[in-house]
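What follows is a set of notes on a single structure, which appears directly below.
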Amino acid sequence: MLAGKKILLIIGGGIAAFKSLDLIRRLRDGGAEVVPVLTKASEEFVTPLSASALSAQKVYRDLFDLTDEAEMGHIELSRAADLVVVAPATADLMGKMANGLANDLASTLLLATDKPVMIVPAMNVRMWEHAATQRNLATLQGDGILVCGPDEGAMACGEFGPGRMAEVPDIVAAVEAALRDGPLKGKRILVTSGPTHEPIDPVRYIANRSSGAQGTAIANALAALGADVVFVTGPADVERPQGVEIIEVQTANEMLEATQSALPVDAAVFAAAVADWRVLSASDSKIKKNGSGKLPVLEFAENPDILASVSQMKTGRPGLVVGFAAETDDVIVNATSKRLRKQCDWIIANDVSPETGIMGGAENQVVVITDSGAKAWPRMDKDDVAKRLAAEISVALEANG
Ligand code: CTP
């Protein structure tokens, strides 16, 4: 699995850096080529000579090392690898990454790379638990950065708790998984998206303000992690996602049919804003003003609940069913009862009151409700919500086996 793969290993400055030397050996045992990059701080813990000897490679050390720059520019170096691993990832390095700083070779490579990046955090337990570190972690996960560890246990500083660098065999396993062309490789995932249009007559319809942006971003993020995505979309405004199977529909009934035809899947995300009602007797011809002053009266029928029907399947239910809850009042209370009523595994709740600017906007602020409670995510771009959700889906499917 590692044979022929190139790994750029950025070694941060922490007591756990000594484990990175062993990591070089184990990755090479598996057939990988490892190019080490040392930060200034890491040279307090490991020497360039030992990193170079173990990797059998030139070690890169500083942004302004002109010899290195002449041989291989930092942009090129950052892209020559299949995967960039940061081990140990110190609180400082995580902070730089989360904020896009680039003031030395390591941080510049991390900003310049177009390859997947995995961090292996290692730090004192208080530093790990600090709100700033957790905020940075959330940002990095939102950016699609993979995270391995940290472990819980006795630390070099004498304290106990989470923060210890993952053990080398676990890091090697995580690297292998990351190189599998994305952690969702081999997983088939359904995403519904956009509004539905319910006809009144051939020229008029009832719809809602959904743009399809969030569902599209989710489909893109899942595909970027290697999933085979089936994207069932109503008539949405936004550009369709790349590299996924697309089924275009108009009405809720068509969306139900397309969804059923896409099954079985490993996971399903219902981001569509499905119209709750359709016009019972939609006219086949355009309804005309007849001059009598008599206004048409529309009679409605309830549409099928696609999310509930899939969540409640007795056989062949997807391993993970994720719904959305568009609410304007009592968001958490309503979304929590919606999850139970529909019987999906997770509900992504959002406040779609006009003043939030969420429906049709670029940003989203969600609360993720699972059987272990409600977790509020910070307000962020819909693309970042999508990346973080895709990462969490990937973790959940991995745990399901
Ligand atoms: N949903 C669905 N089929 C429907 C209605 C909703 O699949 N006919 C899905 C949506 O895609 C979303 C979730 O159900 O994942 C919740 O949608 P929402 O509009 O918030 O809830 P409703 O069921 O419509 O309930 P209400 O309008 O009463 O809040």
Side-chain angles (χ1 to χ4, degrees), residues 189-199 205-219 222 229-236 238 241 247-263 265 267-280 300-313 317-318 320-354 356 358-360 364-370 374 377 382 385-386 389-390 392-393:
I189 304 186
L190 166 78
V191 179
T192 72
S193 182
T196 63
H197 284 184
E198 307 298 331
Y205 57 83
I206 292 172
N208 58 63
R209 296 186 196 281
S210 165
S211 65
Q214 187 61 84
T216 301
I218 292 167
L222 291 166
V229 177
V230 192
F231 185 69
V232 177
T233 179
V238 293
I247 307 178
E248 302 266 356
V249 299
Q250 294 285 324
T251 65
N253 271 325
E254 287 172 13
M255 188 171 273
L256 174 68
E257 206 174 298
T259 296
Q260 285 167 342
S261 75
L263 300 176
V265 293
V269 182
F270 293 86
V274 184
D276 290 319
W277 306 283
R278 66 182 178 278
V279 179
L280 190 53
F300 289 95
E302 198 165 311
N303 271 329
D305 191 317
I306 308 167
L307 168 63
S309 72
V310 172
S311 296
Q312 293 164 23
M313 284 171 71
R317 182 189 190 275
L320 179 69
V321 180
V322 182
F324 272 72
E327 306 289 346
T328 51
D329 308 284
D330 298 330
V331 176
I332 294 183
V333 172
N334 283 333
T336 301
S337 65
K338 198 171 275 183
R339 187 181 87 86
L340 296 175
R341 195 168 64 245
K342 301 205 182 201
Q343 292 174 32
C344 55
D345 302 303
W346 301 351
I347 277 263
I348 315 297
N350 51 14
D351 185 342
V352 292
S353 310
T356 65
I358 283 172
M359 206 153 192
N364 206 350
Q365 180 157 27
V366 304
V367 179
V368 179
I369 297 167
T370 66
W377 292 4
K382 287 183 175 173
V385 171
L389 180 62
E392 299 214 350
I393 288 173

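For ligands, and for the atoms within them, numbers begin at 1 and follow the listed sequence. As the structure is a computational prediction, the values presented were derived from the model and not from experiment.
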Check your understanding: Looking only at atom types and distance, does a side-chain atom of Glu198 sit under 3.5 Å from a main-chain N or O of Ala252, one as donor and one as acceptor?
Key -> yes
Report yes if some N/O of [X] lies less than 3.5 Å from some N/O of ligand 1; otherwise report no.
X: Gly323; result: no
X: Ala271; result: no
X: Lys338; result: yes
X: Lys342; result: yes
X: Ala273; result: no
X: Thr192; result: no
X: Ala275; result: no

Do [X] and [Y] have side-chain heavy atoms sitting under 4.5 Å apart?
X: Ile189; Y: Val265; answer: no
X: Thr356; Y: Gln365; answer: no
X: Asn303; Y: Asp276; answer: no
X: Phe270; Y: Val321; answer: yes
X: Val352; Y: Arg209; answer: no
X: Thr233; Y: Glu248; answer: yes
X: Thr251; Y: Arg278; answer: no
X: Phe300; Y: Leu280; answer: no

Point to revise | Ala326 to ligand 1, any heavy atom closer than 4.0 Å | key: yes
Check your understanding: Does Ser309 come within less than 4.0 Å of ligand 1, judged by its heavy atoms?
Key -> no
Review point. Just heavy atoms, cut-off under 4.0 Å: does Asp276 contact ligand 1 by side chain, backbone, both, or neither?
Key: side chain
Practice item. Considering the heavy atoms of Phe270, write down every atom of ligand 1 situated less than 4.0 Å from one of them. Key: 11 (O), 12 (C), 15 (O)
Exercise for review: Run the numbers for me: atoms of ligand 1, each under 4.0 Å from some heavy atom of Ala325, listed by number.
Suggested key: 20 (O)
Check your understanding: Would you say atom 21 (O) of ligand 1 touches the protein, meaning some protein heavy atom is under 4.0 Å from it?
Key -> yes
Nearest non-hydrogen protein atom, [atom]:
atom: atom 9 (C) of ligand 1; value: Leu307 CB, 3.7 Å
atom: atom 13 (C) of ligand 1; value: Phe324 O, 2.9 Å
atom: atom 3 (N) of ligand 1; value: Ile306 N, 3.0 Å
atom: atom 8 (N) of ligand 1; value: Pro304 O, 2.8 Å

**Study point:** side-chain contact (heavy atoms from CB on, under 4.5 Å) between Phe324 and Gln214, worked out
**Key:** CA-CA 10 Å; Phe324 272 72; Gln214 187 61 84; 4.1 Å; yes
Practice item. Answer yes when Asp345 and Arg317 have at least one side-chain N-carboxylate O distance shorter than 4.0 Å, and no when they do not. Key: yes
**Study point:** For atom 10 (C) of ligand 1, the option (of Gly215, Gly194, Ala272) bearing the nearest heavy atom
**Key:** Ala272
